[in-house]
Peer 1: 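One structure follows; several queries about it will come next.
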There are 2 protein chains.
Amino acid sequence: MTQPIVPQGLKRVSKPRLYEQLVEQLLDHIEESQLGPGDVLPAERDLAERLGVSRATLAQALVALEVLGIIDVQHGTGAVLLYRPTVAAVIRDLRAHSSRLPDIVEARSTLEVKLAGLAALRHTPDDVAAIESALSAMQEEIDAGDRGVHGDELFHLAVTTAAHSSVLAQLMTFIAEMVLETRIESLGQPGRPEQSLASHRAIARAIQSGDQLAAERAMLAHIELVSDVALLRDV
Amino acid sequence: MTQPIVPQGLKRVSKPRLYEQLVEQLLDHIEESQLGPGDVLPAERDLAERLGVSRATLAQALVALEVLGIIDVQHGTGAVLLYRPTVAAVIRDLRAHSSRLPDIVEARSTLEVKLAGLAALRHTPDDVAAIESALSAMQEEIDAGDRGVHGDELFHLAVTTAAHSSVLAQLMTFIAEMVLETRIESLGQPGRPEQSLASHRAIARAIQSGDQLAAERAMLAHIELVSDVALLRDV
DNA sequence: GGGGGCGCAGTGGCCTAGCCTCCTAGACTC
DNA sequence: GAGTCTAGGAGGCTAGGCCACTGCGCCCCC
């Protein structure tokens, strides 16, 4: 009862689709029936009739469950469960109360701290050049009276690249959109761009000196600095 | 001669479904056309005809894209893009399994270490019960001569749940499929299931005692233990 | 009696055809 | 000019049908 409906455009304000309701019902059914990995769901025709929907709509629900990684639909056999009901519960929670801001910051922090540390260990001359270039870009933006959003983005991207860890980089990209919102807010605070740039420099120094621990600490401090306002604002 | 071919059907050896191909094509189309957030895709009837499929099948593909968080289908309006094309590319890469093993382990380690630490701080009685239940399940599997893959999975899931961090949990779901492969390999080593279970117990103790640092350390040690063989084998 | 092959029943895959609801832009009214 | 109405286009969902794949049991042959 805390969340007053997220205005954050990320969420669906619109009408519930039938297949979404079916997903919920199926998850409930799986949980109640104590089904486990390897068990197969009833046949589509049967299920559709029992749930009072057409096969086509049920098929959409099954596609959704498949994408969510809960079932694997096999031609000629049926829809077999991959995971335990607990997973279903987790996913349902995710869908229910959508990701809130602290969770986003938490994920960002986790990933970027690690990336900064790896960057300290693995950076190439090119990576260093890109980081320096990002710092200069942000400096120029600030000098021009701008908030430096672009340079900020460049910097974090350069650090991510310097870490040379493809999966982590992909995960960063995935949450990039969410992070962007918090970033723009933060840089709107008076004096914030300068502070942010200063902590960028600290991170860059630690990375260039190859000091993993220092880089991680610097990044952590930076993100905490950048996130506090957003946290206070919204939660 | 060690493994009689993993029956774990997670890797699709089977037939590609039409809607999956459509997802790929649509992602390509989005990228090529330089579409951004807010843009709407062509009408279903139009799209279906152009792609040479029925509306029902296209609808499945759209559901998949919706679950992946790429589009939002609005009644009466159309399918509007939520993210930038880069995200689409990322997701496609993730699906294509292009990432290499060390990177996967690295990402898993980063996320799970953080999750273990958070679980130490945030666990509820229910979370503890789920963790204990997972430990018992794995013990039973091992006693029965099994490798304990299932109990292992339950345990890591329970820890993820106990961390109560939705975005991090979401990221774990994304790499879950990749992680599964390394997990199964690891547990195939002689004596490994017992070692793994022991380190699970250590993690569980640290979480239950609320010791964040100890939980993080225990999880890190566990993942390093579990990953070394796979790393040596494959890279 | 045992082994192998074949066919059938059941399941999902996908399509066609159609009607409903919802949204929106533009015409119409005041 | 502002508000209202309406028609067309968009997605939502259904019904029914045919095809392809899987698995298992029967039957034939050895």
Side-chain angles (χ1 to χ4, degrees), chain A residues 9 11-26 29-30 33 35 37-82 95, chain B residues 5-26 29-30 33 35 37-82:
Chain A
K11 277 2 227 183
R12 52 190 89 276
V13 213
S14 50
K15 67 292 141 185
R17 300 242 246 123
L18 227 199
Y19 88 80
E20 292 176 341
Q21 300 175 33
L22 292 181
V23 165
E24 304 296 333
Q25 290 183 41
L26 288 172
H29 170 68
I30 291 169
S33 308
L35 297 180
D39 292 339
V40 319
L41 264 46
E44 281 190 10
R45 290 168 177 84
D46 183 20
L47 218 44
E49 186 179 7
R50 243 192 285 180
L51 294 171
V53 301
S54 72
R55 257 187 87 199
T57 303
L58 177 65
Q60 292 186 1
L62 294 179
V63 165
L65 287 173
E66 203 168 14
V67 172
L68 289 172
I70 296 176
I71 62 173
D72 183 25
V73 181
Q74 298 174 0
H75 196 171
T77 305
V80 311
L81 263 181
L82 293 179
R95 296 176 60 84
Chain B
I5 294 184
V6 193
Q8 209 62 27
L10 256 252
K11 314 274 296 184
R12 38 198 81 278
V13 214
S14 50
K15 67 294 142 182
R17 299 241 247 129
L18 228 198
Y19 88 81
E20 291 177 340
Q21 300 174 34
L22 292 181
V23 166
E24 305 294 331
Q25 290 183 41
L26 288 171
H29 170 69
I30 291 169
S33 308
L35 298 181
D39 291 340
V40 319
L41 265 44
E44 280 191 10
R45 291 172 175 81
D46 183 19
L47 218 43
E49 186 178 8
R50 243 193 284 179
L51 294 172
V53 301
S54 74
R55 256 186 89 199
T57 303
L58 177 64
Q60 293 185 2
L62 294 179
V63 165
L65 287 173
E66 204 168 16
V67 171
L68 288 172
I70 296 176
I71 64 174
D72 183 25
V73 180
Q74 298 174 359
H75 195 169
T77 306
V80 312
L81 264 180
L82 292 180

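Labels below follow one simple rule: chain letters A, B, ... track the order of the sequence lines, proteins then strands, and each chain is numbered from 1. Excluded from the calculations below are hydrogen atoms, water molecules and symmetry mates; all remaining heavy atoms, backbone and side chain alike, are included.
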Peer 1: Roughly how many Å is it from CG in B:L62 to C1' in D:dG12, rounded to a whole number?
Peer 2: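 Rounded to the whole Å, the gap is 12 Å.
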
Peer 1: What residues, two or more places apart in sequence or in another chain, satisfy side chain to side chain contact (heavy atoms under 4.5 Å, CB included) together with A:A79?
Peer 2: A:L41, A:I71, A:V73

Peer 1: Taking side chain to side chain contact (heavy atoms under 4.5 Å, CB included) as the test, write out the residues that go with A:V40, two or more places apart.
Peer 2: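 Scan of A:V40 (side chain to side chain contact (heavy atoms under 4.5 Å, CB included), adjacent residues dropped) gives A:V80.
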
Peer 1: I'd like a list of close polar pairs between nucleotides 4-6 of chain C and the protein, N/O only, cut-off under 3.5 Å.
Peer 2:
none

Peer 1: Between D:dC13, C:dC14, D:dA10, spot the one nearest the side chain of B:A43, thanks.
Peer 2: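 That would be D:dA10.
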
Peer 1: Can you list the residues that meet the side-chain hydrogen bond (donor to acceptor under 3.5 Å, both in side chains) rule with B:T77, with sequence neighbours excluded?
Peer 2: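 Counting only residues at least two positions away or on another chain, B:T77 forms no side-chain hydrogen bond (donor to acceptor under 3.5 Å, both in side chains).
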
Peer 1: Among C:dG12, D:dC13, D:dG23, which is the nearest nucleotide to the side chain of A:T77?
Peer 2: D:dG23

Peer 1: Quick check: on DNA chain D, is the nucleotide nearest A:G76 upstream (toward 5') of the one nearest B:P42, or the reverse? Name the residue that is more 5'.
Peer 2: B:P42

Peer 1: A:D72 CG to D:dT22 C1': how many Å, rounded?
Peer 2: 14 Å

Peer 1: Can you measure A:L41 atom CG to C:dT11 atom C1' for me and round it to whole angstrom units?
Peer 2: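 So the two atoms are 13 Å apart, to the nearest Å.
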
Peer 1: In whole angstroms, how far is the P atom of C:dG12 from the CD1 atom of A:I71?
Peer 2: 10 Å

Peer 1: Whole angstrom is fine here: how far is it from CG in A:L58 over to P in C:dG12?
Peer 2: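 Going from A:L58 (CG) to C:dG12 (P), I get 9 Å.
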
Peer 1: B:A56: which residues meet the side chain to side chain contact (heavy atoms under 4.5 Å, CB included) condition with it, sequence neighbours left out?
Peer 2: B:S54

Peer 1: Using whole Å, report how far CD of A:E44 lies from P of C:dC14.
Peer 2: 11 Å

Peer 1: Partners of A:R50 by side-chain hydrogen bond (donor to acceptor under 3.5 Å, both in side chains), sequence neighbours excluded?
Peer 2: A:D46

Peer 1: Could you list all the salt bridge (Lys or Arg N to Asp or Glu O under 4.0 Å) pairs where at least one residue sits in residues 56-65 of chain A, not counting sequence neighbours?
Peer 2: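 Pairs touching residues 56-65 of chain A that pass the test: none.
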
Peer 1: Figure out the CD/C1' separation between A:Q21 and D:dG12, and round it to whole Å.
Peer 2: 12 Å

Peer 1: I'd like to check the salt bridge (Lys or Arg N to Asp or Glu O under 4.0 Å) partners of B:R55; sequence neighbours left out, ordered by chain and number.
Peer 2: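 Here the qualifying residues are B:E44.
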
Peer 1: Ignoring hydrogens and angles, are the base of C:dT21 and the side chain of B:H75 linked by a donor-acceptor pair under 3.5 Å?
Peer 2: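 By the distance-only test, yes, there is a pair.
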
Peer 1: Establish whether the base of D:dG11 is bridged to the side chain of B:R45 by a donor-acceptor pair shorter than 3.5 Å.
Peer 2: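 For B:R45, whose side chain was compared with the base of D:dG11, there is a donor-acceptor pair (under 3.5 Å).
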
Peer 1: For A:H29, does its backbone N or O pair with a side-chain atom of A:S33 as donor and acceptor, under 3.5 Å?
Peer 2: yes

Peer 1: Counting only heavy atoms not in A:E49 (residues, nucleotides, ligands), do more than 12 fall under 6.0 Å from its CD?
Peer 2: no

Peer 1: What is the distance, rounded to the nearest whole Å, between atom CG of A:L65 and atom P of C:dG12?
Peer 2: 14 Å

Peer 1: Strictly below 4.0 Å, heavy-atom distances to any atom of DNA chain D: list the hits from residues 46-57 of chain A, or just say none.
Peer 2: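 Within residues 46-57 of chain A, the residues near DNA chain D are A:G52, A:V53, A:S54, A:R55, A:A56, A:T57.
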
